Visitor: 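Mind looking over this structure? Questions follow.
Predicted model, so just to flag it, every value in this text is computed and none were measured. Here is how names work: the chains are called A, B, and so on, in the same order as the sequence lines, proteins then strands, and each is numbered from 1.
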Amino acid sequence: MLRTLSAAAIGLVFGAGIVISGMANPAKVLNFFDVLGNWDPSLLLVMGSALGVTLVGYRLVLRRSAPAFDSMFHLPTKRDLDLPLIGGSALFGVGWGIAGFCPGGAIPALGSGELGPAVFVAAMIGGILLANGLKMAFVRRQELA
Amino acid sequence: MDTIFTPLEALLGGSLIGIAAVALMALHGRIAGMTGILTSVVLFKGDWGWRLAFLLGAVAAPIVIVLLTGASMPVQAELPPWAIILGGLLVGVGVTFGGGCTSGHGVCGIARLSPRSMVATLTFMATTFLTVFVVRHVLGGF
């Protein structure tokens, strides 16, 4: 119960950060990437400050043996710079550049009650399901071969 | 659609995102990556209960802020529906194969000094710049 409540509270802080910084607003995000247009550098400060806090905070937290509500830290173990990483990230950027929403911006934007974020999130979930289906089919084919 | 540079809001909001990322690691031992959290919930895969709570908290944020401060929360997505749908599909497929997005790779991954996350972030930042350039300055917008 405490674990679930704390996750909701952390989600609220995350969402507040996104909304206050303007990153739930596609116009603001796209204007960062439009250096030749009416450039809005806000995103740079958002990522910079988020990264700075996390960089220092992780150093302190990961010194401990375990998190409060779990027996271990769950950290990614993959190391390879492979085609899915680069190709997938490239595709993500194209989609971000078209619509101006990334996943972390779109989810809090849902709370605005506007139609745009809802349409985007529905399509994004469609893409996630499609890609996970493709990945599973690929793994199954490799197992059969 | 013009927007203005908001340095104070950017620094405050960014710091809150960082605080959330550090808190999720300190309390739950997890990366605050929206891609991983959302994927686990929509596939009911793994430990999705706390992740659903995180998503609901994030969705509630603009509602709570508007109720508390009365501030307006502009979401200017003035694009044709097909562009929003195309963008959403590409983002969904891309972050699944790329294994993360701006929060997971761009903030948490780089903070862990992960080479994969640095390569992913440089790649999607580059293609986003390129896409916005093509859409706005070659195609002349949607």
Visitor: Taking A:Lys28 for its side chain and B:Ile4 for its backbone only, find out whether a donor-acceptor pair lies under 3.5 Å.
Guide: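 Yes: the side chain of A:Lys28 pairs with the backbone of B:Ile4.
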Visitor: Identify which part of B:Val95 has an atom lying under 4.5 Å from any heavy atom of chain A, answering side chain, backbone, both or neither.
Guide: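 Contact with chain A: backbone and side chain both.
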Visitor: Give a yes or no on whether the backbone of A:Trp96 and the side-chain of B:Thr128 come within a donor-acceptor separation of less than 3.5 Å.
Guide: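 Such a contact is absent between B:Thr128 side chain and A:Trp96 backbone.
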Visitor: Under 4.5 Å from any heavy atom of chain A, what part of B:Val107 do you find: side chain, backbone, both or neither?
Guide: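 Both backbone and side chain of B:Val107 come within 4.5 Å of chain A.
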Visitor: Locate the shortest heavy-atom distance separating A:Ala90 from B:Thr127; write the atom from each residue and the value.
Guide: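 Scanning both residues, the minimum pair turns out to be O-OG1, 2.9 Å.
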Visitor: For A:Asp70 and B:Gly29, indicate whether the former's side chain and the latter's backbone hold a donor-acceptor pair under 3.5 Å.
Guide: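 The answer is no, because no donor-acceptor pair under 3.5 Å joins these two groups.
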Visitor: What heavy-atom pair brings A:Leu51 and B:Gly106 nearest, and what distance separates the two atoms?
Guide: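 Scanning both residues completely, I find the closest heavy atoms to be CD1-O, 3.8 Å.
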Visitor: For B:Arg136, which atoms come within 4.5 Å of any heavy atom of chain A: side chain, backbone, both, or neither?
Guide: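 Side chain of B:Arg136 only, per the 4.5 Å heavy-atom cut-off to chain A.
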Visitor: I need the minimum non-hydrogen distance between A:Ser42 and B:Ala10, along with the two atoms involved.
Guide: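 Smallest heavy-atom distance, with atoms named: O-CB, 3.6 Å.
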Visitor: Would you confirm whether B:Arg116, through its side chain, and A:Asp80, through its main-chain N or O, come within 3.5 Å as a donor-acceptor pair?
Guide: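 At least one qualifying donor-acceptor pair exists.
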Visitor: Check B:Thr35, B:Val91, B:Thr102 against A:Cys102 for a side chain to side chain contact (heavy atoms under 4.5 Å, CB included) and give me the one that passes.
Guide: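 Exactly one candidate clears the test, B:Thr102.
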Visitor: Against chain B, label A:Leu129 side chain, backbone, both or neither, depending on which of its atoms sit under 4.5 Å from a heavy atom there.
Guide: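 It is the side chain, since no backbone atom gets that close.
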Visitor: Please give me the minimum heavy-atom distance between A:Ile107 and B:Ala58, naming the atom from each residue.
Guide: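 Minimum heavy-atom separation between A:Ile107 and B:Ala58: CG2-CB, 4.2 Å.
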Visitor: Using the ring-ring contact (aromatic ring centres under 6.0 Å, His included) rule, take B:Phe5 and A:Phe32 through it: C-alpha gap first, then chi angles, then the decisive distance, then the call.
Guide: CA-CA 9 Å; B:Phe5 182 36; A:Phe32 167 74; over 10 Å; no
Visitor: Which label fits B:Phe129 and A:Phe33: parallel for a plane angle under 30°, tilted from 30 to 60°, or perpendicular past 60°?
Guide: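 Correct class here is perpendicular.
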Visitor: Are A:Ser89 and B:His105 close enough that a side-chain donor and a side-chain acceptor fall under 3.5 Å?
Guide: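 Short answer, no.
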Visitor: Under 4.5 Å heavy-atom distance to chain B, tell me which part of A:Val61 shows up: side chain, backbone, both or neither.
Guide: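 Side chain only.
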Visitor: For residues A:Pro117 and B:Val75, report the shortest heavy-atom separation together with the two atoms involved.
Guide: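 Scanning both residues completely, I find the closest heavy atoms to be CG-CG1, 3.8 Å.
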Visitor: Does atom CZ (A:Phe138) have a neighbourhood of more than 12 heavy atoms from anything else shown, all under 6.0 Å?
Guide: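 Not more than 12 within 6.0 Å, no.
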Visitor: Chain B heavy atoms under 4.5 Å from A:Arg59: which part of the residue, side chain, backbone, both or neither?
Guide: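 The side chain, not the backbone.
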Visitor: With a 4.5 angstrom heavy-atom cut-off, could you sort out which part of A:Leu44 is near chain B: side chain, backbone, both or neither?
Guide: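 Nothing of A:Leu44, per the 4.5 Å heavy-atom cut-off to chain B.
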Visitor: Checking B:Leu56 against chain A: side chain, backbone, both or neither under 4.5 Å from a heavy atom?
Guide: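 Contact with chain A: none, neither part.
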Visitor: Kindly compute the distance separating CD (B:Gln76) from CG (A:Leu30), expressed to the nearest 0.5 Å.
Guide: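 Answer rounded to 0.5 Å: 10.5 Å.
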Visitor: Is B:Ser103 close to chain A through its backbone or its side chain, or both, or neither, when contacts mean heavy atoms under 4.5 Å?
Guide: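 For B:Ser103, the side chain is the part near chain A, not the backbone.
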Visitor: Check whether B:Ile19 gets within reach of chain A through its side chain, its backbone, both or neither, counting any heavy atom under 4.5 Å.
Guide: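 Contact with chain A is through both the backbone and side chain of B:Ile19.
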Visitor: Going by atom types alone, do A:Lys78 and B:Ser114 pair a side-chain donor with an acceptor below 3.5 Å?
Guide: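 A:Lys78 vs B:Ser114: no donor-acceptor pair found between side chains.
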